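A short worksheet on the structure shown next.
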Amino acid sequence: MKSLVVERPGRLSIETRAIPEPASGEIRIKVERAGICGSDIHILHGSNPFARYPRVIGHEFFGRIDKLGDGVHARLGARIVVDPVVACGTCYPCSVGRPNVCAQLAVLGVHRDGGFSEYACVPAENAHLLPDSVGDDKAPLVEPFSIAANITDHTSVFASDIALVYGAGPIGLTVIQVLKHVYGVKELIVTDRIDQRIEAARNNGADRVINTAQTALPAALADAGVKPTLIIDAACHPSILAEAIEIASPAARIGLLGFSAEPSTIVQQKVTAKELAIHASRLNSGKFAKVIDWFASGTLQPERLITHRFGLDDYAIAFDTFEHNPTECCKVQLIF
Ligand code: NAI
């Protein structure tokens, strides 16, 4: 089979490997479609602190059950998506329903081989059946939308919220769709620095957009007389937290997704004086079923995020397009 492997930082290639056999409790999936994520690029460039090499990357993938390991009962040929979070099930975070921060966390495509491969073996419990109403193109988007499902669960969202989302990249757009189309927030403000991404924010549910390459955000909000009650940082620069604390309404919630190793300098007094709640969110804890329901019911339009599709053999163009063309590119899919 063909597998897309980062052999070492900077070196991505297709390898021919033996088709793997599912171990006890695993299924083998014949992969049909996958999505490229920013973290795949980080693994390629050696800037993902969790990755080990060589690694078959890819954690947004869809296909059909092809073979069952011992003890697994499932229908061969069933359409599935795979939750990449593999957890021990017994540590403290697992015991309180937070497998996404398991003490032994293994993420498919990061710590373990992932889905950019013609076949992949995964724990059967990580496979989620997909109803026929969710088409193949939408399937690999369940994982990125699970990021939005997780952070919005942490922050809570109310219909009365004035929400602000920093960043209208792929992750920001999932958050925008969930805030507007699942929760129906009263007002949704989105900021980015790229005109095309601002436009994408509008197309995915933003009521008000602010291009911070042209206008300073605090001044724009002050002019409009708006104080966000919910802020989600999907741009993830370390300077954003301090600004978010400054512009937030008293009693607001702030959601963080970033992995920067640089410090964010914040003033305790401002957090406490407004009694702000700051929630961090990593990956997802059991949110696949919820996202599949959202897709199946037509609540969300995940296909709006797809801008490019390439065959596996064109992986080099696919990765180059994803990484270097943020004005035209959002989600890039690999077709197997
Ligand atoms: P991206 O880089 O494609 O999008 C980020 C967007 O933010 C860009 O459009 C950029 O122009 C904009 N931006 C940058 N600085 C800004 C600022 N100061 N104000 C407003 N907009 C700004 O990245 P993608 O794939 O959308 O991911 C976003 C972030 O989410 C990344 O930092 C990624 O590491 C993180 N992430 C976190 C996850 C988690 O589970 N915690 C999961 C997936 C991604």
Side-chain angles (χ1 to χ4, degrees), residues 35-43 45 47-51 59-60 83-85 98-101 105 107 109-110 141-155 164-178 189-202 204 206 208-218 220-221 228 231-244 246-247 254-262 264 278-285 287 291 305 307-308 319 321-332:
I36 301 176
C37 168
S39 60
D40 298 316
I41 303 292
H42 284 295
I43 297 172
H45 293 314
S47 51
N48 181 314
F50 311 111
H59 57 273
E60 303 175 4
D83 185 340
V85 172
R98 311 267 292 273
N100 51 324
V101 287
L105 179 67
V107 181
V110 182
L141 287 155
V142 173
E143 197 282 336
F145 274 89
S146 76
I147 306 298
N150 208 68
I151 193 163
T152 51
D153 253 16
H154 282 329
T155 59
L164 168 69
V165 177
Y166 279 92
I171 293 298
L173 294 179
T174 68
V175 173
I176 290 164
Q177 283 208 21
V178 168
I189 306 160
V190 180
T191 169
D192 203 294
R193 295 170 159 177
I194 299 174
D195 283 338
Q196 290 85 346
R197 293 212 155 171
I198 288 281
E199 190 57 31
R202 269 198 197 287
N204 282 274
R208 188 193 293 256
V209 290
I210 300 168
N211 186 332
T212 45
Q214 294 152 10
T215 317
L217 180 63
L221 294 177
I231 300 177
I232 295 188
D233 178 12
C236 304
H237 189 277
S239 64
I240 288 175
L241 179 57
E243 184 179 84
E246 200 67 51
I247 60 181
I254 299 175
L256 302 179
L257 288 164
F259 283 96
S260 172
E262 300 299 316
S264 299
I278 300 176
H279 301 269
S281 179
R282 181 177 187 186
L283 302 162
N284 88 96
S285 57
K287 299 295 187 288
V291 173
L305 272 61
T307 50
H308 295 77
F319 274 71
T321 305
F322 180 78
E323 185 177 356
H324 296 119
N325 200 353
T327 56
E328 285 177 20
C329 185
C330 184
K331 266 294 166 199
V332 174

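The figures that follow rest on heavy atoms only: side chains count, while hydrogens, waters and symmetry mates do not. Counting convention: from 1, in listed order, for ligands and their atoms alike. If you're wondering where the values come from, they're calculated on a predicted model, not measured in any experiment.
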Got a list of side-chain donor-acceptor pairs under 3.5 Å for residues 193-202, not counting sequence neighbours?
from   : atom 1 : to     : atom 2 : distance (Å)
Asp195 : OD1    : Asn211 : ND2    : 2.8
Arg197 : NE     : Pro326 : O      : 3.2
Arg197 : NH2    : Cys329 : O      : 3.1

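With sequence neighbours excluded, no residue forms a salt bridge (Lys or Arg N to Asp or Glu O under 4.0 Å) with Arg282. Residues passing the salt bridge (Lys or Arg N to Asp or Glu O under 4.0 Å) test with Glu143: none are found, sequence neighbours excluded.
Side-chain contact check for Asn48 versus Phe259: every heavy-atom pair is 4.5 Å or farther apart.
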Check ligand 1 for close polar pairs with the protein: N or O on both sides, less than 3.5 Å.
from     : atom 1 : to     : atom 2 : distance (Å)
ligand 1 : 3 (O)  : Arg197 : NH1    : 2.9
ligand 1 : 4 (O)  : Arg197 : NH1    : 3.4
ligand 1 : 9 (O)  : Asp192 : OD1    : 3.3
ligand 1 : 9 (O)  : Asp192 : OD2    : 2.6
ligand 1 : 9 (O)  : Arg197 : NH1    : 3.0
ligand 1 : 11 (O) : Asp192 : OD1    : 2.6
ligand 1 : 26 (O) : Pro170 : N      : 3.2
ligand 1 : 26 (O) : Ile171 : N      : 3.0
ligand 1 : 40 (O) : Leu283 : N      : 2.7
ligand 1 : 41 (N) : Leu257 : O      : 2.9
ligand 1 : 41 (N) : Ser281 : O      : 2.8

> Which is it for Gln177 and Val175 under the side chain to side chain contact (heavy atoms under 4.5 Å, CB included) test, yes or no, and what are the steps along the way?
Replying inline: CA-CA 6 Å; Gln177 283 208 21; Val175 173; over 6 Å; no

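Between the side chain of Thr307 and the main chain of Cys330, a donor-acceptor pair closer than 3.5 Å is present.
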